[in-house]
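To start, the structure itself, in structure tokens.
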Amino acid sequence: MSIGNANSPEDERPSTDDRSEDRLVERSVEEPSIGTALKKARIAAGLTVDEVSSTTRVRIPIVHAIESDDFTRCGGDVYARGHIRTLARAVRLDPEPLIDSYDAAHGGRPAPTPAAPMFEAERIRPERQRPNWTAAMVAAIVAVIGFVGFTAFGGADEKAKRPVAEGSAAPKPAPTPNASKPSVQAPPAPTAPKPEPSDSAIAAAPKGLVTVVLTAHDGESWISAKDHSGRLLFDGTLEQGQSKTFTDKESIDLVLGDAGVVKLFVNGKEIKDEFQPGQVERLTYTKDDPREGQAQAG
């Protein structure tokens with residue numbers, strides 16, 4: 001009776017699972033993770049985590065978490081992409097391969113949200129439908145004054161045209177002032193200075209609303225905009241040369257992925273700040289601005 005060989009050639013062949021694990025190990029060796037790549041680039045640039053955080057305004061715990069490939073502290077995919085792009089530029093690393101790697105691991109980049117429609121006159125029609133009693137009263141007063149003035153001057157003209165009755169004495173002319181006495185002339189009334197045009201009149205910004213205009217001047221930037229109730233107005237990339245306008249009756253909340261390339265106008269006035277390229281900024285503006293919004297990094 002023959003006994004089968006316990007170590008057959010088929011048993012010595014590596015299984016499919018073993019080959020898949022070997023390929024995954026080889027791929028992980030060839031392609032470092034996002035956090036590993038950022039950490040190696042930072043060390044190669046001779047920068048500490050504190051220095052990177054101070055340059056990019058990304059909080060230190062978030063920098064440590066991203067270098068450990070933990071993106072849960074970023075607050076969502078949109079903020080994670082912005083932080084990855086900002087950190088990569090700070091350590092002189094091309095951010096696009098890292099963004100592609102993040103999108104591949106997290107289901108791809110979402111389709112950009114369509115921009116909210118720009119301010120139109122129709123939006124304020126419901127407010128204009130209310131009766132303006134002040135304007136009506138002013139118009140009525142002007143009409144009454146005009147009628148009284150017309151009646152007074154018209155009556156004076158009719159009296160001047162009536163013939164003088166016979167036997168009545170003509171009115172004596174008023175005595176002329178003595179020519180020998182110098183006449184005292186009243187000083188001319190000072191002219192009131194003309195008011196300077198306001199910023200809203202110059203920029204034709206609508207009153208009673210906050211109006212924010214963003215223009216990608218020196219490159220593209222990811223931006224996010226919300227109204228006072230938290231409703232998302234826009235979430236996407238603003239290409240170079242493009243502009244977006246957002247309006248609300250109370251406030252506009254902004255997140256700029258690369259604030260250094262964006263020109264910002266609030267209520268018709270340019271907000272000038274020394275934002276660095278690749279810098280992430282969180283800003284809030286109201287209808288009482290322009291005053292520079294307080295940036296909240298991270």
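Every heavy atom of this structure was used, including side-chain atoms; hydrogens, water molecules and symmetry mates were not.
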Spell out, as yes or no, whether a donor-acceptor pair under 3.5 Å connects the side chain of S54 to the backbone of D50.
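No, because the side chain of S54 does not come within donor-acceptor range (under 3.5 Å) of the backbone of D50.
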Would you confirm whether T211, through its side chain, and N267, through its main-chain N or O, come within 3.5 Å as a donor-acceptor pair?
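Not at all, since once roles are kept as given, no pair shorter than 3.5 Å links the two residues.
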[X] versus [Y], closest heavy-atom pair with distance:
| X | Y | answer |
| --- | --- | --- |
| G257 | S221 | N-OG, 3.8 Å |
| K249 | L209 | CA-CD2, 3.4 Å |
| E67 | V49 | OE1-CG2, 4.3 Å |
| E51 | G46 | OE1-O, 3.8 Å |
| H228 | E250 | CD2-OE1, 3.3 Å |
| G35 | D69 | N-OD1, 2.6 Å |

Atom pair [atom1]/[atom2] of [X] and [Y] - distance to nearest 0.5 Å:
| X | Y | atom1 | atom2 | answer |
| --- | --- | --- | --- | --- |
| K244 | L214 | NZ | CG | 10.5 Å |
| L98 | L38 | CG | CG | 5.5 Å |
| D70 | H64 | CG | NE2 | 12.5 Å |
| Y102 | C74 | OH | SG | 6.5 Å |
| D288 | S251 | CG | OG | 11.0 Å |

Would you mind reporting whether [Y] and [X] have side-chain heavy atoms less than 4.5 Å apart?
| X | Y | result |
| --- | --- | --- |
| R57 | E281 | yes |
| L254 | L264 | yes |
| P95 | I84 | no |
| I271 | D289 | no |
| R81 | D103 | yes |
| L233 | I252 | yes |

Side chain to side chain contact (heavy atoms under 4.5 Å, CB included) assessment of D77 paired with F71
CA-CA 8 Å; D77 293 339; F71 303 99; over 6 Å; no
Kindly indicate, with the supporting measurements, whether the criterion side chain to side chain contact (heavy atoms under 4.5 Å, CB included) is fulfilled by V213 and T245.
CA-CA 4 Å; V213 181; T245 302; 3.8 Å; yes
Is there a path of hydrophobic side-chain contacts, each under 4.5 Å between heavy atoms of I, L, V, M, F, W or Y residues, that connects [X] with [Y]?
| X | Y | answer |
| --- | --- | --- |
| L47 | I60 | yes |
| F234 | L256 | yes |
| L93 | I34 | yes |

Could you label the plane-to-plane angle of the Y79 and W222 rings as parallel, tilted or perpendicular, counting under 30° as parallel and over 60° as perpendicular?
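Perpendicular.
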What I want to check is whether the side chains of T284 and D253 have a donor and an acceptor closer together than 3.5 Å.
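Looking only at side-chain atoms, D253 and T284 do form a donor-acceptor pair, the distance falling under 3.5 Å.
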Less than 3.5 Å apart, any donor N or O on the side chain of S229 or D227 sitting next to an acceptor on the other?
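Indeed, the side chains of S229 and D227 share at least one donor-acceptor pair under 3.5 Å.
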Of D258, D94, T56, which meets side chain to side chain donor-acceptor pair (under 3.5 Å) against R89?
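Among the candidates, only D258 passes.
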Please test V212 against L283 for side chain to side chain contact (heavy atoms under 4.5 Å, CB included), starting from the C-alpha separation and ending with a verdict.
CA-CA 11 Å; V212 176; L283 307 169; over 6 Å; no
Verify side chain to side chain contact (heavy atoms under 4.5 Å, CB included) between E96 and R85, making sure each step is shown before the conclusion.
CA-CA 8 Å; E96 296 305 325; R85 191 183 303 275; 2.8 Å; yes
